[in-house]
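Positions are given from 1, in the same order as the sequence printed here.
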Amino acid sequence: LSIVTPSFNQARYLEETILSVLDQDYPCLEYIIMDGGSTDGSVDIIRRYEDNLAFWISEPDDGQADAINRGFERASGEILCWLNSDDRYEPGALDAVGHAFAADPEARLVYGEGWYIDSAGERIRPCKFVRSSFTSNYICNKDPILQQGAFWTRDLWQETGPLDESLNWVFDWDW
């Protein structure tokens, strides 16, 4: 399982994000952080955890989609995802993902629900988008798959292609 975290000047949230991944204690985890050249103390935070990271870099990039794409170019896992530097996983999230893929070897994408949180990390309300089927109208008018709760196979990523780096905010929906 390869997780990429793109980050730029997110020191306020970054450590909680990193710990939410590392505290999963998931076997065969490859964790990559792609920092865009932060100047706010983010690099100091990353360095504290570098022994637990497969790779990290801090250098200017061409935006979040570029950072994610470059992170996946380095990734070697069969299951891929990205977790933004101001998001976090709930305990047991990665075990649930592993069990979901093991239970259905034909699955290429699994996703779950999550929480909207405020800037202090407090839960606001749940994000409940999990459905067994989607109509085209629903897909066009909702963002039905919570990005930070989505995990997919390497072959799906290769088939679909990388994120569109010309998009700044909706590249995940487009993908």
Within this structure, what is the [atom1]-[atom2] distance for the pair [X] and [Y], rounded to the nearest 0.5 Å?
| X | Y | atom1 | atom2 | result |
| --- | --- | --- | --- | --- |
| E16 | I18 | CD | CD1 | 11.0 Å |
| L80 | L109 | CG | CG | 11.5 Å |
| R123 | Y116 | CZ | OH | 14.5 Å |

Evaluate the side-chain proximity of [Y] to [X]: yes if any heavy-atom separation is below 4.5 Å, no if none is.
| X | Y | value |
| --- | --- | --- |
| N69 | W157 | yes |
| M34 | D61 | no |
| Y26 | D95 | yes |
| S2 | I79 | no |
| F151 | L94 | yes |
| Q148 | R88 | no |

Over all heavy atoms of both residues, which pair between [X] and [Y] is shortest? Give the atoms and the distance, please.
| X | Y | value |
| --- | --- | --- |
| L53 | Y31 | CD2-CD2, 3.3 Å |
| Q10 | S85 | CG-OG, 3.0 Å |
| I3 | Y89 | CD1-CE1, 3.8 Å |
| S42 | D35 | CB-OD1, 3.9 Å |
| L163 | A65 | CB-CB, 4.0 Å |
| D87 | T17 | O-OG1, 2.6 Å |

Exercise for the section: Evaluate side-chain contact (heavy atoms from CB on, under 4.5 Å) for E30 paired with S76, printing each intermediate quantity in order. Expected result: CA-CA 8 Å; E30 178 181 54; S76 64; 3.1 Å; yes
Would a single hydrophobic cluster contain both [Y] and [X], if residues Ile, Leu, Val, Met, Phe, Trp and Tyr are joined by side-chain heavy-atom contacts under 4.5 Å?
| X | Y | result |
| --- | --- | --- |
| L156 | L1 | no |
| V110 | L83 | yes |
| W82 | I57 | yes |
| V21 | F55 | no |
| F101 | L29 | yes |

Exercise for the section: Please report the C-alpha distance between I46 and L14 in whole Å, then the side-chain angles of each, then the deciding distance to 0.1 Å, and finally whether the side-chain contact (heavy atoms from CB on, under 4.5 Å) criterion is met. Expected result: CA-CA 8 Å; I46 296 167; L14 184 57; 3.7 Å; yes
Practice task
In plain terms, say whether E15 and R48 are close enough for a salt bridge, that is, a side-chain N and a carboxylate O under 4.0 Å apart.
Solution key: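 Here E15 pairs with R48 in a salt bridge, since their nearest N and O are under 4.0 Å apart.
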Handout entry: salt_bridge(D66, R70) N-O dist < 4.0 Å
Key =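 Counted as a salt bridge, because a side-chain N and a carboxylate O are separated by less than 4.0 Å.
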Practice task
Evaluate the side-chain contact (heavy atoms from CB on, under 4.5 Å) criterion for residues S119 and Y13: first the C-alpha distance (whole Å), next the side-chain angles of each, then the deciding distance (0.1 Å), finally the verdict.
Solution key: CA-CA 9 Å; S119 61; Y13 308 107; 3.5 Å; yes
Under the 3.5 angstrom rule, does the side chain of [X] hit a backbone N or O of [Y] as a donor-acceptor pair?
| X | Y | answer |
| --- | --- | --- |
| D118 | G121 | yes |
| Q24 | S20 | yes |
| E165 | D62 | no |
| R154 | G77 | yes |

Handout entry: Short side-chain donor-acceptor distance under 3.5 Å, T153 and E78
Key =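 Checked: E78/T153 side chains show no N/O donor-acceptor pair below 3.5 Å.
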Practice task
Fit a plane to each ring of W152 and F72, take the angle between them on a 0 to 90° scale, and name the class: parallel (under 30°), tilted (30 to 60°) or perpendicular (over 60°).
Solution key: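 It falls in the perpendicular class, over 60°.
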Practice task
Could you please spell out the steps behind the side-chain contact (heavy atoms from CB on, under 4.5 Å) verdict for W56 and V43?
Solution key: CA-CA 10 Å; W56 74 274; V43 172; 3.8 Å; yes
